[in-house]
Number of protein chains: 2
Amino acid sequence: MEAAARVIARRGVRGLRVEELAAEAGVSTALIYYHFKDRAGILRRTLEFISDRAERYTSERETPARPLDPRRELEQTLLLELQDEPVVRENSTAWGELRANAVFDPELREDLAKATLIWVQETAELLGQVSPMSPAASLAASAERLTALLEGLSMRWLSGILPLTHARTLLLEAVAVELERLDRK
Amino acid sequence: MEAAARVIARRGVRGLRVEELAAEAGVSTALIYYHFKDRAGILRRTLEFISDRAERYTSERETPARPLDPRRELEQTLLLELQDEPVVRENSTAWGELRANAVFDPELREDLAKATLIWVQETAELLGQVSPMSPAASLAASAERLTALLEGLSMRWLSGILPLTHARTLLLEAVAVELERLDRK
DNA sequence: TCTCACTGACTGAAAATTCAGTCAAGAGAT
DNA sequence: ATCTCTTGACTGAATTTTCAGTCAGTGAGA
């Protein structure tokens, strides 16, 4: 699965060749078919693996030295996706691929929609901790904007047209902008 | 080129078959190779074509019945990308493919970067007309956020996880949020 | 001896790319 | 006007390449 994540990060979902995956994992192609039904099966399981891994490492923020203040926690959670660590890059790339492929492949949409919804809800919850007086609808809208923005920035970063530090700055400002609005209402 | 844009919008960059393109254009596959070096050449030229065309039709807004007020003009320009018209859908889809592929294909990045820069600058200019007192740097940052957000929303719309009307609402609110901030500074 | 994880060599189909021409139209020359 | 000659656009039919997927085994350990 790790090899698959690496290959997808390097070539994209549609660029994944079973032979290349086998080479990356240091095994024969036949063994891949021993463990997976077919190429689609490889993809399905890999994307599951990646989203599990993403959840896991998103939750790792749960264990900082002492409870962070909510604003910082929100910021950290969002910025987690904008880091130049191999695992993060892999995950972001894979997510971007998943989204891009869902445009043409309805089969992928369900997983994508579910994962996105969860992410938006988590973000809305964090926003609610920072700005407890805000109505749920406003929190949800802010969360949708922030997560969609993050996806846009992430894509620009990964395609090399936006430096990482700049992406992070823009995101933090967006958080500030949204919070100011929430607090003012 | 138009046929290629349509096929890409329908199948994606990786899904483009030379034979299908030929059929779409109503010519033989051999003719495609008469005009283009190879499949990669088709892709390169088509993506150039798409980004040129995008620039052109964004500028067409210059001719409304009477000059719109700047705020409306900004909103209309941004909302232009979020419409359920075949041409818009085609362009947004192809554009999304271009971005997604640039992650794996450095050859595509130059065009992408140039087109993105132009778009951000145009948006910054429109923002400047709405909020003339704001410093250029703030305008640029807001423009980057709004355009990146639009890309994120567009992707969600195209992959069917966000209804169009909701995407439009979120975008308009984002414009409001950014403008409030600019005016308050 | 049996099973499990594994492999090298292969197949078939789909897709890309090339080849060997045809055809229509324009440019001189007669 | 008609007759070559040339050229660019175009095609049908191969040929070549690329891949997913299969198969007949092998060796290690229970």
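It should be emphasised that the depicted structure is a prediction, and the values quoted were computed from it without experimental measurement.
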With a 4.5 Å limit on heavy-atom distance, are the side chains of A:L170 and A:H166 in contact? yes

Without decimals, in angstroms, what is the distance between B:Y34 OH and C:dT22 C1'? 13 Å

Between B:S51 and B:D111, do the side chains contain a donor N or O and an acceptor N or O under 3.5 Å apart? no

Is any side-chain heavy atom of B:L127 less than 4.5 Å from a side-chain heavy atom of B:S131? no

According to the side chain to side chain donor-acceptor pair (under 3.5 Å) rule, which pairs have a member within residues 152-164 of chain A, sequence neighbours left out? A:R156-B:T147, A:R156-B:E151

How would you give the extent of chain B contacts on DNA chain D, as first and last nucleotide 5' to 3' within a 4.0 Å heavy-atom cut-off? D:dG8 to D:dG12

Hey, could you give me the CZ/CD distance between A:R6 and A:E20, rounded to the nearest 0.5 Å? 11.0 Å

Side-chain touch B:E73/B:V130, heavy atoms, less than 4.5 angstrom: no

Encode nucleotides 13-19 of chain C as B, S and - characters from 5' to 3', where the letter depends on protein heavy atoms closer than 4.0 Å: B to the base, S only to sugar-phosphate, - to neither. --SSBBB

In the structure I gave you, are the side-chain heavy atoms of A:Q83 and A:R168 within less than 4.5 Å of one another anywhere? yes

Is any side-chain heavy atom of B:L150 less than 4.5 Å from a side-chain heavy atom of B:W119? yes

